[in-house]
Amino acid sequence: MVGPGTGIAPLRSFWQQRQVDIKAGTTSGHPPGDMTLVFGCRQSRVDHIYKEETAQARRDGALTDIYTALSREPGTTKTYVQDIIRQQIPKKVLDLVLKDGGHIYVCGDVTMATDVGETVQRILVEHGGMSVARAEDFINNMKDNNRYHEDIFGVSLKTREVQGAGRKGMLRTSGRTSGVQIPINVSDWNTRL
């Protein structure tokens, strides 16, 4: 599970349900499978509001592993969730998707979700021996078979970009993921809103 920032909120239900099942003894007589959380926030003292909850879920056996990426922690290098996946757990990800038939859940910003998808593809190529095309097909197949899940938030536009685009009569999507230009007649905004 990958959920930086507010993206962690929907993922909480997974470990909370597992905690209930473990306490009730309703895990079908089998130990629960691997459930790894890759969380990201800016600063641990300010933004890591579920630190105790996730630690308890790990102690309860609901979460197997917890990795935290800190992007604005004083005195440390910026680290994002895709960095954790690429640098610390590529073999785990590879085994999860190739050998164990596991699922990947990504929740959060669209740019992060794209970066995570590219990271998983890169792991399949570099550690799994797949071609880029085969890795892309593999991920698409995972999506088609409900094994790669994304709950991603929309693109946000920055005020300066919106104002500048308004002067030109056209908006462009921000971010490096699409490069698509969407013509919008800004004078129609008032009548449409």
In terms of hydrophobic clustering (I, L, V, M, F, W, Y; side-chain heavy atoms under 4.5 Å; direct or indirect links), are [X] and [Y] co-clustered?
X	Y	value
Leu11	Val2	no
Met35	Val93	no
Ile49	Val46	no
Leu96	Leu37	no
Ile84	Val120	yes

To the closest 0.5 Å, what do you measure between [atom1] ([X]) and [atom2] ([Y])?
X	Y	atom1	atom2	value
Tyr50	Ile8	OH	CD1	7.0 Å
Thr119	Ile85	OG1	CD1	6.0 Å
Arg59	Leu63	CZ	CG	11.0 Å
Ile89	Asp65	CD1	CG	8.0 Å
Met130	Glu136	CE	CD	12.5 Å
Gln17	Arg12	CD	CZ	13.5 Å

Got [X] and [Y] here, is their nearest side-chain heavy-atom distance under 4.5 Å?
X	Y	value
Leu70	Cys41	yes
Ile66	Phe39	no
Arg122	His127	no
Val97	Arg147	yes
Ile139	Tyr148	yes
Leu94	Leu124	yes
Thr76	Pro74	no

Partners meeting side chain to side chain contact (heavy atoms under 4.5 Å, CB included) with Val132 (sequence neighbours left out)
Gln121, Val125

Any donor and acceptor pair, going by atom type alone, linking the side chain of [X] with main-chain N or O of [Y] inside 3.5 Å?
X	Y	answer
Asp47	Gln43	yes
Arg18	Pro32	no
Arg58	Thr64	yes
Thr79	Thr77	yes

Residues Gln82 and Glu118: side-chain donor-acceptor under 3.5 angstrom:
no

Under the rule for side chain to side chain donor-acceptor pair (under 3.5 Å), what residues qualify as partners of [X], not counting sequence neighbours?
X	result
Thr6	none
Arg72	Tyr80
Asp83	Arg86
His149	His103

Would Arg45 and Glu73 pass as an ion pair if we require N to O under 4.0 Å?
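Not counted as a salt bridge, because no side-chain N and carboxylate O are separated by less than 4.0 Å.
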
Could you go step by step and tell me if Thr68 and His48 meet the side-chain contact (heavy atoms from CB on, under 4.5 Å) rule?
CA-CA 9 Å; Thr68 304; His48 201 344; 3.4 Å; yes

Test Asn140 against Asp144 for side-chain hydrogen bond (donor to acceptor under 3.5 Å, both in side chains), laying out the working first.
CA-CA 6 Å; Asn140 286 333; Asp144 291 344; over 6 Å; no

Which heavy-atom pair separates [X] from [Y] by the least distance, and what is that distance?
X	Y	result
Val81	Gly40	CG1-N, 3.7 Å
Met142	Gly102	CE-O, 4.0 Å
Ala57	Trp15	CB-CD1, 3.5 Å
Cys107	Met112	O-CE, 3.6 Å

Qualifying residues under ring pair (Phe, Tyr, Trp, His ring centres under 6.0 Å), relative to Phe14, sequence neighbours excluded:
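Phe14 satisfies ring pair (Phe, Tyr, Trp, His ring centres under 6.0 Å) with Tyr105 once adjacent residues are dropped.
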
Quick check on Lys143: does its NZ atom have over 12 non-hydrogen neighbours (other residues, nucleotides or ligands) under 6.0 Å away?
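More than 12 within 6.0 Å, yes.
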
A quick test of your reading: do over 12 heavy atoms of other residues, nucleotides or ligands sit less than 6.0 Å from NZ of Lys92?
yes

